[in-house]
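Okay, structure first, notes after.
This structure is a prediction, so every number in the text was calculated from the model and none was measured. Proteins get letters first, then strands, A, B, ... in listed order; numbering begins at 1 in each.
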Amino acid sequence: MTPAFEKLARPIQKWIRTQGWSELRHIQSQATHAIIGGNADLIIAATTAGGKTEAAFLPLISQVLDDPAQGGGFDLLYIGPLKALITDQAGRLEEICREMELPVTPWHGDVSAAVKTRALKAPRGILLMTPESLEALFIRRGPEIPGLFGATRAVIIDELHTVLDSERGVQMRSLLTRMELAIGRPIRRIGLSATLGDMELAKAYLRPDDPGRVVLLEAQGGDAELMLQLRGYISGDKDEKTPPADHQIARHLFRNLRGTDNLVFAGSRQSVEIYADQLRSLCEEERLPQEFYPHHASLSRDHRDFVEKRLKDTAKPTTAICTSTLELGIDIGDVACVAQIGAPFSVAALRQRLGRSGRRAGQPAVLRQYAVETRLTPHSDYVDRLRLGLIRSVAMIDLLLEGWCEPPRPQALHLSTLVHQILSVIAERGGASAGRLYRVLCQEGPFKNVEARVFTDVLRALGDPETALIEQGDDGLLLLGRVGEKLVEHYSFYAVFQTPEEYRLISGGKELGTLPIQNVMAPGMMLIFSGRRWLIQEIDDRAKVIVVVPSKGGIPPIFGGNPGDIHDRVIVRMFAILEGNSAPAYLDRTARDLLDEARRHYGQLGFSASSTAAFSETRFAIATRVGTVKTTTLALALRSEGFAVETHDGFLTVTAKDRQDDLVLTIRQIALGAQITLFSDQTNLIFEKFHPYLTRTLLELDASGARVDERALPELCRQIAIKRPEGR
DNA sequence: GACCTGCTGCGGCGTG
């Protein structure tokens with residue numbers, strides 16, 4: 001055994017021997033040296049089954065055993081984003097700690113109150129929590145926080161890459177700062193993460209005040225060989241002999257995936273239902289046992305557990321048709337192949353998904369990408385002619401092969417989460433001064449981009465008698481107001497993210513899952529859900545329950561959602577592909593023809609030489625050549641100047657009301673720095689949980705930080721206005 | 001033109 005092994009506590013060494021490990025993995029040795037040899041914050045980056053949990057916990061538990069704390073609460077705090085992950089990890093840690101009399105306490109909404117009460121009475125060992133449960137602890141038991149975490153040596157943040165700059169990530173960092181302030185010292189932070197494109201940014205998120213001192217350990221190598229194919233399909237065939245594109249794809253999946261474990265990422269819940277239904281029918285037609293199952297967040301926990309268990313069970317071949325539910329989190333074992341239908345929304349997601357395949361030594365990772373484009377007619381729009389879905393798929397695969405993926409977004413203001421944390425700090429302490437709130441949240445905490453003036457405006461908005469979230473006591477202390485008290489009292493307060501209203505779908509007394517309320521439903525209608533077909537029997541609008549029975553026909557429901565942000569670099573690569581002339585070897589015949597066709601149309605539209613094209617005196621296209629945020633910003637600016645604008649990947653379609661409007665002139669004026677209003681009264685700015693309590697001015701400021709990039713506008717318009725050298 | 005995640009305290013009732 002290695003020097004690292006010798007550093008571990010005796011009981012841990014004994015446990016390792018009983019596991020039959022011949023040696024520690026490299027990342028585990030490195031982590032042992034870093035954790036036992038120093039006191040720095042740490043990021044351990046490796047794939048899902050890379051042994052990260054043990055890499056962090058074996059040395060940390062060793063420290064606890066070799067140098068036990070005398071009281072002062074839990075020794076180690078683990079924060080995980082999923083209940084299932086916490087249950088999984090608690091089980092693994094209990095195995096390690098069983099002989100050592102170190103308690104392991106999983107703590108989330110499904111854990112019984114008895115377990116929680118016991119842990120609070122004698123707080124020690126390892127506590128595993130969700131960010132929401134930690135939030136609840138601060139609000140319900142604020143004064144007990146120093147006693148519970150006074151001796152805590154380290155906090156382990158699992159799946160760090162999934163939180164980073166998200167609402168939940170900001171909430172978590174705020175809680176950690178508040179915990180450090182409550183106990184009067186920093187607590188070592190250890191992040192467990194998938195490998196990111198830019199790990200420097202992850203360091204800054206883990207410890208914003210001192211990212212330079214964060215040690216980064218990355219598991220090296222392990223890159224399996226990649227087998228790759230992109231197949232092109234054309235939908236909207238008039239020819240009756242050719243089946244529709246989705247049938248062709250379903251048949252191809254059926255022929256190639258049957259008999260093994262696979263993941264098919266279909267892009268949306270609706271599309272998951274469509275393909276699951278078709279694959280089920282194919283099994284029935286061929287009189288074969290069922291092995292294709294849908295998996296997405298609207299399906300019941302029971303059904304999802306069933307699919308996850310089947311994936312783990314090596315005896316039964318299983319293919320899950322899924323959304324990002326199966327992209328991260330609990331281990332489902334190795335799969336033979338990952339299929340992706342339609343272009344993914346980020347290279348980071350594509351990489352994470354592909355990481356589910358090719359994990360066994362000697363096995364290649366297999367990616368099957370399916371691109372669906374519409375059949376062209378003489379009237380087809382230019383965006384259809386440019387085959388943007390196929391081009392984006394190629395761009396993302398290119399970038400994946402180069403090892404690039406999207407870095408976390410630049411830090412937004414997060415005013416909705418700030419409102420939440422203001423209420424939470426007041427609840428924790430029973431009241432707080434404005435100065436203290438500013439210090440805790442904005443100076444020490446994660447809301448560093450919020451200036452004092454903006455912070456004061458937020459407090460004023462919350463204190464407005466109409467809003468009544470907070471009020472000022474006689475001594476100047478800020479207290480919860482009438483509405484604020486009600487909000488904080490209810491358990492729905494702890495989560496910082498918004499959730500839509502839904503119907504529950506019931507059949508034979510069993511819940512099938514949930515359905516967003518925007519679906520227009522009536523008894524007698526037929527529905528595809530959970531991969532099967534149903535007839536609606538009755539609807540209870542007040543209880544939000546729909547009762548269904550099995551049927552022969554049906555259509556898939558709408559699940560809604562918001563368009564995602566495509567990164568600048570992906571769009572830049574798409575244009576490079578449109579302007580290039582070689583075709584990647586992994587394209588099939590149809591995909592290659594579609595790519596040629598896209599390039600031909602790109603040239604015919606004149607985009608090689610100019611960034612604008614006119615279809616008539618009032619209808620134009622602009623090639624922005626940049627990602628969603630900047631493209632959307634230009635769209636808002638042009639709308640406020642009276643143009644009608646549609647957005648696409650790297651393109652805008654612009655319609656002028658009359659021919660007097662000169663688009664080119666407007667673009668030139670913006671390029672020269674003309675002042676433009678981006679938001680009109682009609683622009684919806686409420687998309688996060690606590691946005692309804694803020695003023696219009698604050699909402700515009702919040703949107704400016706995250707959804708638009710006003711400063712990039714003049715340069716963007718300069719680039720659009722100039723002629724491009726032909727053939728570049 | 002998309003996806004995902006989470007939740008306390010207490011009253012009422014049944015059982016040992």
Report task. Using the six-membered ring of Tyr602(A), assess whether NZ or CZ of Arg385(A) lies under 6.0 Å from its centre and within 45 degrees of the ring axis. Result -> no

Query raised in the report: When you look at His648(A) and Thr653(A), which way does the side chain to side chain donor-acceptor pair (under 3.5 Å) test go after all the steps?
Result: CA-CA 8 Å; His648(A) 310 279; Thr653(A) 308; 3.2 Å; yes

Query - Ring-ring centroid check Phe306(A) Tyr293(A), cutoff 6.0 Å - result: yes

Requested in this report: Give one of base, sugar-phosphate or nothing for Gly267(A), where a contact means two heavy atoms less than 4.0 Å apart.
Outcome: sugar-phosphate

Query - For atom NE2 of His108(A) and atom C1' of dT8(B), their distance in whole Å - result: 15 Å

Report task. Nearest whole angstrom, please: distance from the P of dC3(B) to the CD of Gln498(A). Result -> 16 Å

**Report entry** Side-chain N,O (Arg168(A)) to OP1/OP2 (dC4(B)) below 4.0 Å
**Finding:** no

Query raised in the report: Can the ring centroids of Phe607(A) and Phe575(A) be said to lie less than 6.0 angstrom from one another?
Result: no

Query raised in the report: Atom CD of Gln352(A) to atom P of dC3(B): distance rounded to whole Å?
Result: 18 Å

Query - Spacing between Leu82(A) atom CG and dC4(B) atom C1', to the nearest angstrom - result: 9 Å

Query raised in the report: Within less than 4.0 Å of OP1 or OP2 of dA2(B), is there a side-chain N or O belonging to Thr323(A)?
Result: no

Report task. Have a look at His490(A) and say if it touches a base, only the backbone sugar-phosphate, or nothing, with a 4.0 Å heavy-atom cut-off. Result -> nothing

Query raised in the report: So, Phe497(A) and dT5(B): ring centres less than 5.5 Å apart, planes less than 30° off, yes or no?
Result: yes

Report task. Consider the side chain of Lys116(A), meaning its heavy atoms from C-beta on, and name the nucleotide among dT8(B), dC3(B), dG6(B) that approaches it most closely. Result -> dT8(B)

Requested in this report: May I have the distance from His295(A) (atom NE2) to dC4(B) (atom C1'), rounded to whole angstrom?
Outcome: 12 Å

Report task. Indicate, with a heavy-atom threshold strictly under 4.0 Å, whether Arg301(A) touches base, sugar-phosphate, or nothing. Result -> nothing

Query raised in the report: If you measure from CZ on Arg269(A) to CG on Leu515(A), what distance do you get to the nearest 0.5 Å?
Result: 9.5 Å

Requested in this report: Select one nucleotide: of dT8(B), dG9(B), dC7(B), the one nearest the side-chain heavy atoms of Ala136(A).
Outcome: dT8(B)

Query raised in the report: Base, sugar-phosphate, or nothing: which does Ser492(A) touch, judged by heavy atoms less than 4.0 Å apart?
Result: base

Query - Sugar-phosphate, base or nothing in reach of Arg140(A), heavy atoms under 4.0 Å - result: sugar-phosphate

**Report entry** Whichever of Ile566(A) and Tyr491(A) has its nearest DNA chain B nucleotide further upstream toward 5'
**Finding:** Ile566(A)

Query - Check against side-chain contact (heavy atoms from CB on, under 4.5 Å), Thr130(A) and Leu134(A) - result: CA-CA 6 Å; Thr130(A) 60; Leu134(A) 186 58; over 6 Å; no

Query - Along DNA chain B (nearest heavy atom to each residue), the more 5'-positioned of His648(A) and Val111(A) - result: His648(A)

Requested in this report: Give the nucleotide from the list dG9(B), dC4(B), dT8(B) with an atom nearest to the side chain of Trp107(A).
Outcome: dT8(B)

**Report entry** N or O in side chain of Arg304(A) less than 4.0 angstrom from dT5(B) OP1/OP2
**Finding:** yes

Query - Nearest-angstrom distance from the residue atom CZ of Phe687(A) to C1' of dA2(B) - result: 16 Å

Query raised in the report: Which is true for Ser133(A) with a 4.0 Å heavy-atom rule: it touches a base, it touches only sugar-phosphate, or it touches nothing?
Result: sugar-phosphate

Report task. In whole angstrom, give the distance that lies between atom CD of Gln270(A) and atom C1' of dC3(B). Result -> 14 Å

Query raised in the report: Stacking here means centres under 5.5 Å and planes under 30°; does Tyr494(A) stack on dG6(B)?
Result: no

Requested in this report: Return no unless some side-chain N or O of Thr130(A) is found under 4.0 Å from OP1 or OP2 of dC7(B).
Outcome: yes

Query raised in the report: Please give, in whole Å, the distance from dC4(B) P to Glu688(A) CD?
Result: 18 Å

Query - Proximity to the side chain of Ser268(A) - top-ranked nucleotide from dG6(B), dA2(B), dC4(B) - result: dA2(B)

